[in-house]
2 protein chains.
Amino acid sequence: MCAMTRPLRRDAARNRDHLLRAAAAVFTEQGLAGSLEEVARRAGVSIGTLYNHFPTRDTLIDALLPPRLAAVDGFAAEAAAEPDPWLAFTGFATNLLSQLTKDRALLEAFTGDHPAAAALADACRHGMSHLSTVLTRARQAGAIRPDATDQDVVNLLWALSLLGETTGEGAWRQPLHFALDGFVNRR
Amino acid sequence: MCAMTRPLRRDAARNRDHLLRAAAAVFTEQGLAGSLEEVARRAGVSIGTLYNHFPTRDTLIDALLPPRLAAVDGFAAEAAAEPDPWLAFTGFATNLLSQLTKDRALLEAFTGDHPAAAALADACRHGMSHLSTVLTRARQAGAIRPDATDQDVVNLLWALSLLGETTGEGAWRQPLHFALDGFVNRR
DNA sequence: CCCGTACCCGAGGCACCCCTCAAGTACGAT
DNA sequence: ATCGTACTTGAGGGGTGCCTCGGGTACGGG
C-alpha cells in the first residue's frame with residue numbers, strides 16, 4: 001500500500017512503463033483477452049519480463065484501468081453541475097458512450113466480460129452509482145418516464161456501446177438521440 | 001446446380017447430416033469463427049471427414065444458413081399483413097431481434113463480421129430490403145419521425161442484438177420498447 | 001460373395017498462445 | 001573498479017486450432 005517498497009531499478013522502471021503502454025494499445029484493440037506475447041513484443045521486451053512485472057493478466061489489468069476511470073468521474077461532475085436534470089442525464093450518457101466506444105478494454109471492464117481484478121469490480125460499481133445518481137435526479141424532477149428502470153437505461157447504453165465497438169466511430173450517436181427521446185416523460 | 005451428381009453413399013450422407021447439425025450448434029454458441037475441430041468432435045467424425053465434405057469454412061456456412069432465413073421472410077409477411085404501419089414496424093423489429101439474439105451465427109451473418117460466402121451476402125441484402133419496405137410504409141403513413149433514416153433504425157436493432165447476444169434472454173425487450181417510442185412521429 | 005472405389009481416418013506439420021525456469025546481464029551501492 | 005543481486009532473457013513444455021495427405025475401411029453394383 002504505502003510506498004515502503006524500494007524503488008525499481010532504472011531499466012525495470014522503463015520496461016514496466018513500456019509494458020503498460022503496450023498493454024493499453026493491445027487491450028484497446030483486442031479487448032482484455034488480447035495476446036500477452038503481443039504486448040511483450042510491442043514493448044520490446046521478453047515475455048519473461050512481462051511475467052516478472054505482472055504475474056497474471058489481472059494484475060496487468062488492475063495496473064492499467066484505474067487511470068481511465070477518472071474520465072467517468074469527470075463526466076459525473078459535469079452532470080452534477082448541469083442545472084437541467086434531463087440535460088445532465090443525456091450529457092452523461094453521451095459522454096460515457098463516447099468513452100466506452102473508444103476503448104474496448106474499458107467496455108469489457110464495465111460489462112464484466114472478464115473475471116478480472118479487484119480494482120475493476122470497484123470501478124464498475126462506482127460508474128454505476130454515478131449513473132444511478134444522475135437518473136434519480138432526472139426521475140425526481142419528473143423528466144424521465146417513471147416506468148423506465150435504471151437497468152433499462154444501462155441496457156440501452158450497453159447495447160449502443162457494443163455497437164460502437166464493432167462499427168467504430170459515430171454509428172451510435174443518432175440512435176442514442178432518438179432512443180433517449182423514448183425515455184422522456186410525456187405525462 | 002441441378003441434381004446431376006450421383007447421390008452420396010449412405011454413410012457419407014449420414015456424416016454430412018451429423019456435421020451440419022454439429023456445426024449449427026457450435027456456430028450458434030461460438031459464432032461463425034467457432035472451432036471446426038469441435039464441430040467434427042461433436043459430429044462423431046474425424047476432422048479429415050469434415051474437410052472432405054466442406055473444404056472451407058465458408059462452404060459449411062453457406063450450407064447452413066439459408067434455412068434460417070426463412071424465418072425472416074416469415075416476419076416480413078406477417079408485417080405486410082398488419083394493417084397498422086406502425087405496429088407492422090414494431091412487430092417486425094421485435095421478431096427480428098428475438099431471432100437474432102437466439103442465434104449468434106445469424107447475427108454475425110447479418111452484421112457481416114465474417115467475409116463469408118455468396119448465399120450469405122444475398123441473405124443480408126434480402127433482410128435489409130424487408131426492413132426497408134416496412135420502414136417506408138411507416139414513413140409514408142407519417143407514423144415515424146421523418147428525420148430518422150433506415151440506417152439509424154438498423155443501428156439501433158443491431159445494437160440491441162449485440163446486447164441480447166451477450167446477456168442472453170430478454171434484456172433487450174424493455175429498452176427496445178422505449179427506444180422505439182423515440183422514433184414515433186409527434187408532428 | 002467379391003472387388004473397385006468413394007469415403008473415412010488421424011497423425012503430423014505449422015502457427016499461435018500461456019507460463020516457467022535456469023542461465024546470463026547490467027545496475028548501482030560501495 | 002568491483003561485486004552482489006535485481007532484473008532480463010528465450011528456449012521449451014503444454015495446450016488449441018487449421019489443414020493435408022497417405023493408408024485403411026466399408027459401401028453397394030455386379
Side-chain angles (χ1 to χ4, degrees), chain A residues 3-64 104-105 108 113-117, chain B residues 3-64 104-105 108 113-117:
Chain A
M4 292 305 293
T5 64
R6 179 131 36 108
L8 288 173
R9 231 168 62 181
R10 248 208 322 275
D11 56 345
R14 188 174 39 79
N15 284 341
R16 188 187 157 87
D17 185 59
H18 287 172
L19 279 167
L20 284 173
R21 289 174 197 279
V26 169
F27 285 168
T28 296
E29 291 169 20
Q30 307 182 8
L32 293 180
S35 160
L36 296 184
E37 303 218 316
E38 168 98 16
V39 170
R41 260 193 310 273
R42 290 207 205 177
V45 137
S46 132
I47 181 66
T49 298
L50 184 152
Y51 279 95
N52 276 346
H53 285 277
F54 306 101
T56 69
R57 183 181 291 270
D58 285 355
T59 53
L60 182 52
I61 293 174
D62 250 3
L64 205 54
R104 185 162 172 179
E108 286 182 13
D113 276 25
H114 206 77
Chain B
M4 291 305 292
T5 63
R6 180 132 35 109
L8 287 174
R9 230 169 63 181
R10 250 209 319 276
D11 56 345
R14 188 173 39 77
N15 284 340
R16 188 186 157 86
D17 185 59
H18 287 172
L19 280 167
L20 284 173
R21 288 174 196 281
V26 169
F27 285 168
T28 296
E29 289 169 21
Q30 308 181 9
L32 294 180
S35 160
L36 295 185
E37 303 220 317
E38 168 98 17
V39 170
R41 260 192 310 272
R42 290 207 205 176
V45 137
S46 134
I47 180 67
T49 298
L50 185 152
Y51 279 95
N52 277 345
H53 284 278
F54 307 101
T56 69
R57 182 181 292 272
D58 284 356
T59 51
L60 184 52
I61 293 174
D62 249 4
L64 206 54
R104 186 163 170 177
E108 287 181 14
D113 275 25
H114 206 75

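Values below: all heavy atoms of this structure, side chains included; hydrogens, waters and symmetry mates excluded. From a predicted model like this one, the values you see are computed outputs, not experimental measurements. Chain letters run A, B, ... following the sequence lines, proteins first and then strands; every chain starts at 1.
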Quiz item: Taking atom C1' of C:dC19 as reference, at what distance in whole Å does atom CD of A:Glu38 sit?
Solution: 18 Å
Quiz item: What residues form a side-chain contact (heavy atoms from CB on, under 4.5 Å) with A:His18, not counting sequence neighbours?
Solution: A:Arg14, A:Ala43
Quiz item: Can you give one letter per nucleotide of nucleotides 6-16 of chain C, going 5' to 3': B for a protein heavy atom under 4.0 Å from the base, S for sugar-phosphate only, - for none?
Solution: BSBBBB-----
Quiz prompt | CA sep, side-chain torsions, deciding dist, call: A:Leu36, A:Leu60, side-chain contact (heavy atoms from CB on, under 4.5 Å) | solution = CA-CA 10 Å; A:Leu36 296 184; A:Leu60 182 52; 4.1 Å; yes
Self-check item: With B:Glu29 via salt bridge (charged side-chain N to carboxylate O under 4.0 Å, His left out) - residues at least two apart
Solution: B:Arg42
Quiz prompt | Test side chain to side chain donor-acceptor pair (under 3.5 Å) applied to B:Asp11 - qualifying residues, sequence neighbours left out | solution = B:Arg9
Practice problem: Give every residue pair that meets the salt bridge (Lys or Arg N to Asp or Glu O under 4.0 Å) criterion with at least one member in residues 18-28 of chain A, sequence neighbours excluded. | Solution: A:Asp17-A:Arg21
Quiz item: Of all residues at least two apart in sequence or in a different chain, which pass the salt bridge (charged side-chain N to carboxylate O under 4.0 Å, His left out) check with A:Arg104?
Solution: A:Glu108, A:Glu165
Self-check item: Donor-acceptor contact below 3.5 Å, side chain B:Arg57 vs main chain B:Gly34
Solution: yes
Practice problem: Return the set of residues passing side-chain contact (heavy atoms from CB on, under 4.5 Å) with B:Ser46 (not counting sequence neighbours), or none when no residue passes. | Solution: B:Thr49
Practice problem: Would you kindly give the OH-to-C1' distance between A:Tyr51 and C:dA22, to the nearest whole Å? | Solution: 18 Å
Quiz prompt | Start and end of chain A contact along DNA chain D [non-hydrogen atoms, under 4.0 Å] | solution = D:dA6 to D:dA11
